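Since the structure comes first, as structure tokens, the remarks are kept for the end.
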Amino acid sequence: MIGKMNHVAIVVPDLAAASVIYKNTLGARVSQPKPMPEHGVSTVFVDLPNIKVELLHPLGKNSPIAKFLERNPGGGMHHICYEVEDIERAKEHLLAQGARILGDGEAKTGAHGKPVLFLHPKDFSGTLIEIEQA
Ligand code: CO
């Protein structure tokens, strides 16, 4: 069902500092920070030949990643995102397999303007998984 990996998201305590590390230490191409108030994050995109890495920092009062940063003050890997062709079919399959979808269980428009679902980390070896319709 899942296809390509789309991105890995890393929550960072300091977006500018993390950008510099990816740009200078790792020699990657990084974007300018992009505020996404509707998602409660500011994001820097690291463009690699085969995948994106997204550096995330909380934005606003109700950021969905604020608690993660409290628990992991030095930052850490937050989620990985896999692509699917059809999010509704993916949802049916996942539910039939007993996987738990976070939130109200409905696909939402994600940070790339495409429908996404988040799956409970306890069902996937302790890793938060985002499913995105490619
Ligand atoms: Co994501």
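Values reported hereafter were calculated over all heavy atoms of this structure, with side chains retained and with hydrogens, waters and symmetry mates removed. For ligands, and for the atoms within them, numbers begin at 1 and follow the listed sequence. Being a predicted model, the structure only gives us computed values, none of them experimental.
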Query raised in the report: With a cut-off of 2.8 Å, does His7 place any N/O/S atom under that distance from the Co ion (ligand 1)?
Result: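 Checking His7: at least one N, O or S atom is under 2.8 Å.
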Report task. Confirm or rule out an N/O/S atom of Glu130, from backbone or side chain, lying less than 2.8 Å from the Co ion (ligand 1). Result ->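 It does: Glu130 brings an N, O or S atom closer than 2.8 Å to the Co ion (ligand 1).
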**Report entry** Salt bridge Lys91-Glu88, side-chain N to carboxylate O under 4.0 Å
**Finding:**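 Looking at Lys91 and Glu88, the cut-off is met.
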Requested in this report: Check His79 and report its N/O/S atom nearest to the Co ion (ligand 1), by atom name.
Outcome: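 Among the N, O or S atoms of His79, the one closest to the Co ion (ligand 1) is NE2.
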Query - CG (Asn62) with more than 12 external heavy atoms under 6.0 Å - result: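 Incorrect, the count does not exceed 12.
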Requested in this report: State whether a side-chain donor-acceptor pair under 3.5 Å links Glu130 with His7.
Outcome: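 A donor-acceptor contact under 3.5 Å links the two side chains.
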**Report entry** ILVMFWY network linking Leu102 to Ile129, side-chain heavy atoms under 4.5 angstrom
**Finding:**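 Leu102 and Ile129: separate clusters.
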